[in-house]
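Predicted model, so just to flag it, every value in this text is computed and none were measured. Convention: sequence-line order gives letters A, B, ...; per-chain numbering from 1.
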2 protein chains.
Amino acid sequence: MSDNLLLEKQLCFRLYSLNKLMCRLYAPILKELGLTYPQYLAMLVLWQNTEGISVKDLGSQLDLDSGTLSPLLKRMEVQGLLTRVRQSTDERVVIVKLTHKGIVLQQSAEHIPGEMFAVTGLTPDKLQSLNLELDQLIVNISD
Amino acid sequence: MSDNLLLEKQLCFRLYSLNKLMCRLYAPILKELGLTYPQYLAMLVLWQNTEGISVKDLGSQLDLDSGTLSPLLKRMEVQGLLTRVRQSTDERVVIVKLTHKGIVLQQSAEHIPGEMFAVTGLTPDKLQSLNLELDQLIVNISD
DNA sequence: ACAAATAAAGTTGCACGCAACTTAATTGCA
DNA sequence: TGCAATTAAGTTGCGTGCAACTTTATTTGT
């Protein structure tokens with residue numbers, strides 16, 4: 001009888017836990033901006049693509065399919081953060097583009113990364129190396 | 001204008017991505033057992049507590065509240081994996097206990113950790129140290 | 001040129017996760 | 001003792017994630 005089936009031994013459980021902890025950590029700050037956690041991650045991409053980005057490209061950066069993104073973006077459109085317009089050169093494609101309201105929201109979010117970083121108790125070097133380790137894991141698993 | 005608001009710089013995004021990747025990695029194997037990913041994590045705890053465990057204690061090990069756990073356990077009860085019985089000495093408490101079917105399912109799960117470990121491309125040492133780093137992070141964040 | 005294959009986005013249905021709340025039982029304290 | 005506070009579990013409502021599917025548009029091969 002191996003003890004491999006122990007919760008404490010499982011990497012997957014730590015990732016499951018940490019992700020939930022992160023959500024809960026961000027939730028109250030994001031609530032002030034009127035954003036959920038996945039919406040915030042989407043905004044991080046959109047703030048780097050103010051000229052607009054297709055749902056497909058947004059999804060590939062967030063690793064989300066249209067089944068998740070379409071309703072999420074629809075809610076953000078209702079909030080007035082972005083517009084969704086079909087591309088005239090290829091009517092299959094929908095371009096997501098931040099409104100003025102969506103763009104200026106970035107200023108209210110500037111303080112968040114620093115604040116969250118402080119809570120992790122990591123040094124910048126430790127954060128950097130952990131990020132690289134996790135990136136390697138992402139590559140290995142997603143091949 | 002800082003570049004802290006970059007998706008690629010965010011630890012939270014890596015944890016978000018990796019957790020989803022883990023779910024997708026486990027999903028097909030767990031489907032053979034008729035389990036979802038959170039149900040599998042619950043089974044890991046229950047296999048270590050065949051004498052039974054309260055919903056509260058199970059929740060504290062999984063870091064889940066009754067709002068999530070109650071319906072999840074109800075579904076697993078329907079599947080015949082466990083029973084839920086109110087404790088006679090304290091009628092507030094519900095004891096979750098695996099059925100025979102739930103207990104013997106462990107045998108079908110024995111191969112999973114090894115299989116999943118192989119995919120990570122980690123050495124045992126690397127896995128160990130990563131687990132410790134993540135544990136430290138969990139402690140720092142959840143205080 | 002045109003039918004088959006492919007691609008992009010959206011819809012549906014289900015299982016979480018969690019905030020906010022309700023219900024029922026137990027504890028604690030004046 | 002009696003009643004307020006606390007505790008355990010469950011319910012409700014909403015926002016993801018994702019599988020499976022549909023719809024519409026474009027591309028590909030002959």
- Calculate the interatomic distance between A:Asp57 atom CG and C:dA9 atom C1'; express it in whole Å. 13 Å
- Are the side chain of B:Lys101 and the backbone N or O of B:Gln79 linked by a donor-acceptor pair below 3.5 Å? yes
- Rounded to the Å, how far apart are A:Lys74 NZ and C:dT12 C1'? 12 Å
- Note on the structure: For B:Ile95, the hydrophobic cluster (side chain heavy atoms closer than 4.5 Å, chained through members) also holds B:Val93
Distances under 3.5 Å between nitrogen or oxygen atoms of protein and nucleotides 17-20 of chain C:
unit_1, atom_1, unit_2, atom_2, d
C:dG17, OP2, A:Tyr16, OH, 2.6
C:dC18, OP1, A:Arg24, NE, 2.8
C:dC18, OP1, A:Arg24, NH2, 3.1
C:dC18, OP2, A:Arg24, NH2, 3.3
C:dC18, N4, B:Gly67, O, 3.4

- Query: Closest approach of B:Ser142 and A:Leu21, non-hydrogen atoms and distance?
  - Reply: CB-CD2, 3.9 Å
- Query: Counting distance only, does the side-chain N/O of A:Thr99 pair as donor-acceptor with the main-chain N or O of A:Leu81 below 3.5 Å?
  - Reply: yes
- Item | Backbone N/O of B:Gly102 and side chain of B:Trp47: donor-acceptor pair under 3.5 Å | yes
- Atom CE of A:Met76 and atom C1' of D:dG15 are separated, to the nearest Å, by 13 Å
- Query: Please walk me through it: do A:Asp57 and A:Gln61 pass side chain to side chain donor-acceptor pair (under 3.5 Å)?
  - Reply: CA-CA 6 Å; A:Asp57 289 348; A:Gln61 289 203 48; over 6 Å; no
- Under 4.0 Å between any heavy atoms, over every strand shown, what does A:Ser70 touch: base, sugar-phosphate, or nothing? Just pick one. base
- Query: Can you say whether the rings of B:Tyr40 and B:Tyr26 are parallel (under 30°), tilted (30 to 60°) or perpendicular (over 60°)?
  - Reply: tilted
- Note on the structure: Residues of residues 80-87 of chain B with a heavy atom under 4.0 Å from any atom of DNA chain D, listed by number, are B:Arg84, B:Arg86
Under 3.5 Å, which donor-acceptor pairs link side chains of residues 67-77 of chain B to any protein atom two or more places apart or in another chain?
unit_1, atom_1, unit_2, atom_2, d
B:Ser70, OG, B:Ser66, O, 3.1
B:Glu77, OE1, B:Arg84, NE, 3.3
B:Glu77, OE1, B:Arg84, NH2, 3.4
B:Glu77, OE2, B:Arg84, N, 3.3

- Between B:Tyr26 (OH) and C:dC16 (P), how many Å, whole number? 17 Å
Just the atom pairs and distances: protein N or O near nucleotides 23-25 of chain C's N or O, under 3.5 Å.
none

- Task: Report the residues that fulfil salt bridge (Lys or Arg N to Asp or Glu O under 4.0 Å) with A:Asp135, sequence neighbours left out, ordered by chain and then residue number.
- Result: B:Arg14
